[in-house]
Amino acid sequence: MDRHDALEERLAHMIRAMDDLSDVVTAQAREIDRLTRLVHLLCERESEREQMAGEAPAANAPPPHW
């Protein structure tokens, strides 16, 4: 194999590796977006739960007969 062929082969492997890494980064970006939306939803739910806590009796308060 001459030098030119060796360089072409290395370039082909590098292009393949770059494409594989690009696919991984794209999948990770989608997962990060999904998890970010989920965290936002959970934060909203917790905020609503905290607002409702003032309206309901506290869970740690002893019952009135104590």
Side-chain angles (χ1 to χ4, degrees):
M1 213 193 265
D2 67 351
R3 185 171 180 196
H4 187 264
D5 290 339
L7 288 174
E8 284 183 355
E9 185 177 340
R10 287 186 68 196
L11 179 61
H13 286 292
M14 288 182 180
I15 289 172
R16 170 102 189 246
M18 185 179 65
D19 289 343
D20 291 345
L21 289 173
S22 179
D23 292 343
V24 169
V25 169
T26 301
Q28 288 177 342
R30 273 190 236 125
E31 183 70 4
I32 288 170
D33 290 342
R34 185 184 74 80
L35 293 172
T36 300
R37 287 191 306 270
L38 182 60
V39 166
H40 182 69
L41 175 66
L42 292 173
C43 287
E44 285 179 356
R45 283 185 185 173
E46 182 60 23
S47 176
E48 290 172 2
R49 203 172 282 153
E50 287 175 357
Q51 290 174 358
M52 293 176 66
E55 299 169 7
N60 294 333
H65 62 277
W66 283 13

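No hydrogens, no waters, no symmetry mates; every other heavy atom, side chains included, goes into these values. All values reported here derive from a predicted model rather than from experimental measurement. Positions are given from 1 along the sequence.
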### Query
Given Glu9 and Asp5, is the side chain to side chain contact (heavy atoms under 4.5 Å, CB included) satisfied, shown in steps?
CA-CA 6 Å; Glu9 185 177 340; Asp5 290 339; over 6 Å; no

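Taking the side chain to side chain contact (heavy atoms under 4.5 Å, CB included) definition, one finds that Glu31 meets it with Arg34, Leu35, sequence neighbours left out.
To the nearest 0.5 Å, the span separating CG on Leu11 from CD1 on Ile15 amounts to 4.0 Å. Atoms CZ and CD, on Arg3 and Glu8 in that order, are 13.0 Å from each other to the nearest 0.5 Å.
Put simply, the side chain of Ser22 never gets that close to the backbone of Met18: no donor and acceptor are under 3.5 Å apart. Between the side chain of Ser47 and the backbone N or O of Cys43 there is no donor-acceptor pair closer than 3.5 Å.
Members clustered with Leu38: Leu42, by chain and number, using a 4.5 Å side-chain heavy-atom cutoff among hydrophobic residues.
Using a 4.5 Å heavy-atom threshold, the side chains of Arg16 and Asp20 count as touching.
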